[in-house]
There are 2 protein chains.
Amino acid sequence: MNIFQLEVLSTVVERGTFSDAALDLEVSQSAVSRAIAALEAELGVPLLSRGRFGAKLTPVGERVLNHAHKMLDLKEHIDYEVNLEKGLYHSRLRISSFRSAATHLLPASIARFRQQFPSVEVTLSELDPAGVEQSLREGQTDIGLIPLPRSEEFNTIEIARDEYVVLLPKTDSPPPKNLTWEDLSPLSFILFNYAECTSAVKGHWAQCGQSFEVGYVIKEDSTIVSMVAQGLGAAVLPRLAALPIPDGVYVRSLPTRLSRIIGAATLATTPHAPAVKMFLDVLSQKGMFAHQTQA
Amino acid sequence: MNIFQLEVLSTVVERGTFSDAALDLEVSQSAVSRAIAALEAELGVPLLSRGRFGAKLTPVGERVLNHAHKMLDLKEHIDYEVNLEKGLYHSRLRISSFRSAATHLLPASIARFRQQFPSVEVTLSELDPAGVEQSLREGQTDIGLIPLPRSEEFNTIEIARDEYVVLLPKTDSPPPKNLTWEDLSPLSFILFNYAECTSAVKGHWAQCGQSFEVGYVIKEDSTIVSMVAQGLGAAVLPRLAALPIPDGVYVRSLPTRLSRIIGAATLATTPHAPAVKMFLDVLSQKGMFAHQTQA
DNA sequence: GGATATCTATGCGGAAAGCGAATAGAAGTT
DNA sequence: AACTTCTATTCGCTTTCCGCATAGATATCC
């Protein structure tokens with residue numbers, strides 16, 4: 001049994017006669033006749049009844065065709081996999097990302113992607129969000145990880161949500177589990193001057209009708225964590241940026257939660273290469289990269 | 001692409017080497033090598049990486065094999081259908097049934113069965129339940145429809161439940177929708193002397209602590225229905241036996257419901273021929289005869 | 001380093017399968 | 001009866017597939 005025979009059977013049933021099926025398949029009528037005869041000989045049952053009226057399925061032919069259709073569908077899936085592989089072969093994928101997403105989100109995703117497509121060359125550039133946008137615009141980057149929302153020149157999908165947390169230095173008594181604005185009001189804050197975090201925090205405070213004292217505005221997340229550990233102030237920054245958090249620092253949620261949305265962006269006007277599409281599937285856990293759930 | 005190539009691919013992966021796969025498949029090692037090479041040439045991608053260590057799937061090979069396994073499963077389904085057809089061809093199915101099941105239940109089932117297996121010769125004998133049992137014992141019947149329960153010499157499956165109803169003649173005022181034992185106590189009843197109905201009804205009355213007057217005991221269900229229509233009494237009999245019920249007769253449920261179970265029986269000691277198995281599936285709406293539900 | 005073992009790939013010759021063109025046979029239509 | 005339209009089969013050729021034998025590569029053993 002081969003795929004051609006199943007295609008012949010399917011087309012004969014669809015067209016009604018061997019002659020019309022032959023035209024459709026671009027082979028001779030005798031090739032169609034012999035393909036069907038060979039299949040019937042192999043299986044040992046008549047699949048079609050035929051005569052001057054053309055050809056119609058027998059009852060067992062109907063049941064066989066049901067399965068045959070599924071096999072033809074699977075052949076299309078195989079062709080898809082194969083064409084995907086051919087499209088990806090020796091292609092490349094250029095990713096840009098701001099630092100904490102580059103450090104904490106991308107490595108696992110890239111590993112997973114390359115497990116399936118080892119021939120794709122992946123590059124990862126660490127840029128601030130404005131740099132990521134620029135690199136997308138200049139065609140230097142295929143996929144950029146940036147905070148959302150973004151302008152309409154980009155197509156975006158949400159990848160993760162990253163909560164802003166309060167880092168507090170170790171003191172004689174630990175801070176309460178749930179902070180209030182009153183707990184925070186006497187504190188001096190170190191803000192994270194990167195990836196629009198400072199403006200997000202200030203906007204959030206304003207929106208909550210609160211005010212706070214800014215002690216420092218620092219670009220390096222690791223420096224901020226160290227300063228908190230040394231008792232120089234409290235900090236507010238995204239959890240991913242704070243990682244890894246040393247023992248000498250408490251982590252608490254804000255009284256009113258704030259999160260940033262991390263998205264994957266592509267340039268809206270650029271058609272996606274197969275590698276880009278596949279990696280977007282990894283990031284959003286779709287298609288073959290859907291999360292395995294217990295059956 | 002053909003089934004043999006998919007079997008080769010599957011076996012190579014399972015066995016680890018072309019040489020071991022060749023032994024398994026009872027072909028030469030070079031036949032295995034060329035089958036794989038032909039498949040890779042047709043698809044245009046390498047499915048296996050191989051050398052002195054044997055053969056391992058490439059990533060695209062894994063994805064292709066996933067679909068290939070499903071195709072091999074479908075081939076087994078096709079083989080099953082085909083073997084089933086061969087087993088059934090020119091076989092026969094002998095059914096015996098008591099009258100109302102023969103009249104009302106079997107025709108649709110037999111039609112459905114023969115639509116799929118037109119080559120099976122079906123015979124239907126109408127016998128009372130004792131006659132059905134005897135015919136099964138004597139090997140003259142493959143499947144018998146009889147009321148349940150039955151002795152352990154038979155394997156049985158429940159096919160339907162058939163409610164005993166009260167038939168009442170048309171009078172100046174219609175009977176209440178829900179009859180009470182008081183409503184029934186002044187009536188004279190015509191009982192159905194067939195398929196253990198009389199004993200079932202008497203047993204039910206006794207179990208409910210009631211008594212009733214028996215006017216007639218009649219064997220013909222159509223005669224009973226006519227007598228009720230003529231005002232000669234009320235009747236208690238299974239609904240299927242009463243069909244078709246003319247306009248001049250009211251139908252009501254008993255105050256305490258009574259149903260008979262109609263079952264399909266086969267002789268416990270006899271292995272089932274394929275036609276018997278398939279028809280039991282029709283009756284119990286299993287396998288390929290499962291009820292279609294909206295998706 | 002050389003010999004050996006074990007794996008896959010390929011050449012050779014023969015058998016089997018598949019192709020299109022042509023035609024035979026059957027059945028429906030005119 | 002003649003014609004049309006369908007499938008099945010023959011013919012001659014081409015392609016594919018087979019086992020046997022062997023080439024080539026690589027790991028193991030001495």
Side-chain angles (χ1 to χ4, degrees), chain A residues 1-62 64-65 68 71-72 75 78 82, chain B residues 1-62 64-65 68 71-72 75 78 82:
Chain A
M1 175 182 287
N2 61 52
I3 295 299
F4 174 68
Q5 289 169 338
L6 302 184
E7 284 172 346
V8 167
L9 180 64
S10 176
T11 309
V12 164
V13 169
E14 185 185 336
R15 291 289 175 216
T17 73
F18 285 26
S19 308
D20 282 347
L23 288 173
D24 223 44
L25 294 164
E26 296 184 342
V27 299
S28 65
Q29 175 267 323
S30 63
V32 168
S33 180
R34 272 189 291 241
I36 295 294
L39 187 54
E40 287 178 329
E42 179 179 337
L43 295 178
V45 293
L47 302 173
L48 296 164
S49 64
R50 56 253 210 197
R52 170 67 179 82
F53 54 88
K56 283 183 294 188
L57 284 167
T58 59
V60 66
E62 287 190 27
V64 167
L65 184 61
M71 290 173 84
L72 292 172
K75 177 58 165 68
I78 287 178
V82 154
Chain B
M1 174 183 286
N2 61 53
I3 295 299
F4 174 67
Q5 288 169 338
L6 303 183
E7 285 172 345
V8 169
L9 180 63
S10 176
T11 309
V12 165
V13 171
E14 186 185 336
R15 290 292 174 215
T17 73
F18 286 25
S19 307
D20 282 348
L23 287 173
D24 223 44
L25 295 163
E26 296 184 341
V27 298
S28 67
Q29 174 268 322
S30 65
V32 168
S33 180
R34 272 191 282 246
I36 295 295
L39 187 55
E40 287 177 329
E42 178 179 336
L43 295 178
V45 293
L47 302 173
L48 296 165
S49 64
R50 59 251 208 200
R52 171 66 179 81
F53 55 88
K56 284 183 293 187
L57 284 166
T58 59
V60 66
E62 285 189 27
V64 166
L65 183 63
M71 291 174 83
L72 291 171
K75 176 59 166 64
I78 287 179
V82 151

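Quick caveat: nothing in here was measured; it's all calculated off a predicted structure. Chain letters run A, B, ... following the sequence lines, proteins first, then strands; residues in each count from 1.
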Between CD of Glu40(A) and C1' of dT7(D) the distance, given in whole Å, is 12 Å

Near DNA chain D, counting only heavy atoms under 4.0 Å, which residues of residues 18-32 of chain B show up? Val27(B), Ser28(B), Ser30(B), Ala31(B)

note: Asn2(A), atom CG; dG18(C), atom P; distance rounded to Å ~ 7 Å

Can you tell me how far OG1 of Thr17(A) sits from CZ of Arg50(A), rounded to the nearest 0.5 angstrom? 12.5 Å

Which whole-number value in Å describes the distance from Arg15(B) CZ to dC7(C) P? 14 Å

Starting from P on dT8(C), measure out to NZ on Lys56(B) and report it in whole angstrom. 13 Å

Closer than 4.0 Å, any side-chain N/O of Arg50(B) to the OP1 or OP2 of dA9(C)? yes

Whole Å only: how far is the CZ atom of Arg34(B) from the C1' atom of dT22(D)? 12 Å

How long is the line joining CZ of Phe53(A) and C1' of dT5(D), in whole Å? 13 Å

Glu42(B) CD to dT16(D) P, in whole Å, measures 11 Å

Sub-4.5 Å side-chain heavy-atom contact between Val8(A) and Ile36(A): yes

Search all heavy atoms of Val32(B) against all heavy atoms of Ala21(B) and return the closest pair with its distance. CG2-C, 4.4 Å

Separation between CE of Met1(A) and CE of Met71(B), rounded to the nearest 0.5 Å: 10.0 Å

Can you see if the side chain of Ser33(B) gets near the phosphate of dT8(C) - specifically, an N or O under 4.0 Å from OP1 or OP2? no

Atom CD of Glu14(A) and atom CG of Asp24(A): how far apart are they, to the nearest 0.5 Å? 6.5 Å

If you define the side chain from C-beta out and look only at heavy atoms, does anything of Leu39(B) sit under 4.5 Å from Val64(B)? no

With the side chain counted from C-beta on, respond yes when Asn2(B) and Gln5(B) share a heavy-atom pair under 4.5 Å apart, and no when they do not. yes

Under 3.5 Å donor-acceptor pair, Arg52(B) side-chain atoms to dG24(D) base atoms: no

Taking atom P of dT9(D) as reference, at what distance in whole Å does atom CD1 of Ile36(A) sit? 14 Å

